[in-house]
Undergrad: 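Before anything else, here's the structure in question.
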Amino acid sequence: MKIGICSDHAGFDYKNRLISYLLGKGFEVLNFGTNSSDSCDYPDFAHLLANAVETGEADCGIALCGTGNGMAMTLNQHRGIRAGLAWNTSLASLAKEHNNANVLVLPARFISYRMAVSCVRAWLDASFEGGRHQRRIDKIPLS
Ligand code: RB5
């Protein structure tokens with residue numbers, strides 16, 4: 001599985017550590033930046049990740065910024081993206097089970113790195129439940 005990942009400066013450290021973790025678990029990882037801890041603008045990287053997931057270059061994605069809100073707001077502007085924000089493992093699992101989130105967003109300044117890894121694992125291990133949740137997802141896009 002190819003996992004795209006991006007962050008701004010606030011998520012840079014966790015992104016690097018998650019890349020190592022995921023590579024160690026045998027995933028292919030596509031890094032869409034940022035590539036330093038210098039202050040930067042999260043949409044510049046969120047759009048790159050979103051485009052990769054929408055085109056199929058990446059199977060899914062992980063995005064990190066300080067609160068997670070900027071990444072989630074930007075990613076969810078894309079028609080093919082369902083970005084779910086999670087700060088514990090229940091939220092991470094439910095983002096997949098109920099919302100079929102194809103991007104997991106993590107608030108790097110508000111969770112430990114250990115929790116970030118746990119959220120990623122919970123989200124990757126979870127399965128979309130379909131049924132009434134698919135009906136609700138179908139109602140999300142504006143015409
Ligand atoms: C950066 O200071 C911070 O604003 C950003 O990481 C994020 O929290 C925005 O939503």
Side-chain angles (χ1 to χ4, degrees), residues 1-129 133-143:
M1 187 196 279
K2 275 189 210 167
I3 302 177
I5 192 166
C6 77
S7 75
D8 69 356
H9 51 287
F12 176 65
D13 175 53
Y14 282 14
K15 175 172 69 70
N16 288 341
R17 294 160 74 181
L18 282 172
I19 289 172
S20 299
Y21 170 80
L22 291 166
L23 290 173
K25 294 291 176 190
F27 292 102
E28 209 172 316
V29 181
L30 303 174
N31 177 14
F32 293 99
T34 186
N35 291 313
S36 86
S37 55
D38 295 345
S39 181
C40 62
D41 301 334
Y42 54 81
D44 294 341
F45 310 98
H47 288 306
L48 295 177
L49 173 63
N51 290 336
V53 174
E54 284 187 308
T55 61
E57 181 187 357
D59 297 303
C60 60
I62 297 167
L64 305 103
C65 65
T67 61
N69 279 319
M71 284 291 181
M73 289 176 187
T74 309
L75 288 157
N76 281 318
Q77 292 289 312
H78 288 250
R79 179 59 69 107
I81 299 298
R82 289 176 305 284
L85 177 60
W87 55 92
N88 63 41
T89 55
S90 299
L91 290 167
S93 301
L94 285 164
K96 177 75 71 62
E97 290 165 1
H98 287 192
N99 310 109
N100 203 14
N102 53 7
V103 180
L104 178 68
V105 183
L106 298 169
R109 285 183 173 153
F110 294 88
I111 59 174
S112 65
Y113 173 68
R114 191 173 166 163
M115 178 55 72
V117 172
S118 297
C119 286
V120 167
R121 292 185 63 120
W123 173 69
L124 287 173
D125 289 346
S127 300
F128 179 48
E129 292 177 3
H133 301 297
Q134 183 63 58
R135 184 181 71 239
R136 290 163 188 168
I137 285 173
D138 291 341
K139 292 183 178 181
I140 292 175
L142 297 171
S143 56

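When a ligand or atom number is given, it counts from 1 through the structure's own listing order.
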Undergrad: Enumerate, atom names and distances included, each donor-acceptor pair closer than 3.5 Å involving a side-chain atom of residues 134-143, sequence neighbours excluded.
TA:
{"unit_1": "Gln134", "atom_1": "NE2", "unit_2": "Asp138", "atom_2": "OD1", "d": "2.8"}

Undergrad: Going by the order shown, which atoms of ligand 1 are within less than 4.0 Å of some heavy atom of Thr67?
TA: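 Once the distances to Thr67 are compared, the set is 7 (C), 8 (O), 9 (C), 10 (O).
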
Undergrad: Taking atom CZ of Arg82 as the centre, report whether more than 12 heavy atoms of other residues, nucleotides or ligands fall under 6.0 Å from it.
TA: yes

Undergrad: To the nearest 0.5 Å, what is the distance between CG (Leu30) and SG (Cys6)?
TA: 11.5 Å

Undergrad: Under 3.5 Å, is there a donor-acceptor pair linking the side chains of Asn102 and Lys96?
TA: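 Side chains of Asn102 and Lys96: no pair found under 3.5 Å.
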
Undergrad: Run the numbers for me: atoms of ligand 1, each under 4.0 Å from some heavy atom of Asp8, listed by number.
TA: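 Every atom of ligand 1 under 4.0 Å from some heavy atom of Asp8: 1 (C), 5 (C), 6 (O).
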
Undergrad: Could you report the tightest heavy-atom contact between Tyr113 and Arg17, atom names first, then the distance?
TA: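 Closest approach of Tyr113 to Arg17, heavy atoms only: OH-O, 3.1 Å.
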
Undergrad: Side-chain donor-acceptor pairs under 3.5 Å in residues 47-55, sequence neighbours left out?
TA:
{"unit_1": "His47", "atom_1": "ND1", "unit_2": "His78", "atom_2": "NE2", "d": "2.8"}
{"unit_1": "Asn51", "atom_1": "ND2", "unit_2": "His47", "atom_2": "O", "d": "3.2"}
{"unit_1": "Glu54", "atom_1": "OE1", "unit_2": "His78", "atom_2": "ND1", "d": "2.9"}
{"unit_1": "Glu54", "atom_1": "OE2", "unit_2": "Arg79", "atom_2": "N", "d": "3.4"}
{"unit_1": "Glu54", "atom_1": "OE2", "unit_2": "Gly80", "atom_2": "N", "d": "2.7"}
{"unit_1": "Thr55", "atom_1": "OG1", "unit_2": "Asn51", "atom_2": "O", "d": "3.0"}
{"unit_1": "Thr55", "atom_1": "OG1", "unit_2": "Ala52", "atom_2": "O", "d": "3.2"}
{"unit_1": "Thr55", "atom_1": "OG1", "unit_2": "Glu57", "atom_2": "N", "d": "3.4"}

Undergrad: side-chain contact (heavy atoms from CB on, under 4.5 Å) with Leu64: which of Leu18, Val105, Ile111?
TA: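 Among Leu18, Val105, Ile111, the one that satisfies the side-chain contact (heavy atoms from CB on, under 4.5 Å) with Leu64 is Leu18.
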
Undergrad: Suppose we measure from atom 10 (O) of ligand 1 to each protein heavy atom; which comes out shortest, and what is that distance?
TA: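 The protein heavy atom lying closest is Gly70 N, 2.9 Å.
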
Undergrad: Could you tell me whether Ala10 approaches ligand 1 through its side chain, its backbone, both or neither, with non-hydrogen atoms closer than 4.0 Å?
TA: side chain

Undergrad: Could you tell me, atom by atom, which parts of ligand 1 come under 4.0 Å of a heavy atom of Gly66?
TA: 5 (C), 6 (O), 7 (C), 8 (O)

Undergrad: Any atoms of ligand 1 less than 4.0 Å from a non-hydrogen atom of His9? List them with their elements.
TA: 1 (C), 2 (O)

Undergrad: Would you call Arg109 a ligand 1 contact, heavy-atom distance under 4.0 Å?
TA: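 A heavy atom of Arg109 does come that close to ligand 1.
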
Undergrad: Any idea which atoms of ligand 1 are less than 4.0 Å away from a heavy-atom of Tyr42?
TA: 9 (C), 10 (O)

Undergrad: Nearest protein heavy atom to atom 4 (O) of ligand 1: under 4.0 Å?
TA: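 It does not; no protein heavy atom is within 4.0 Å.
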
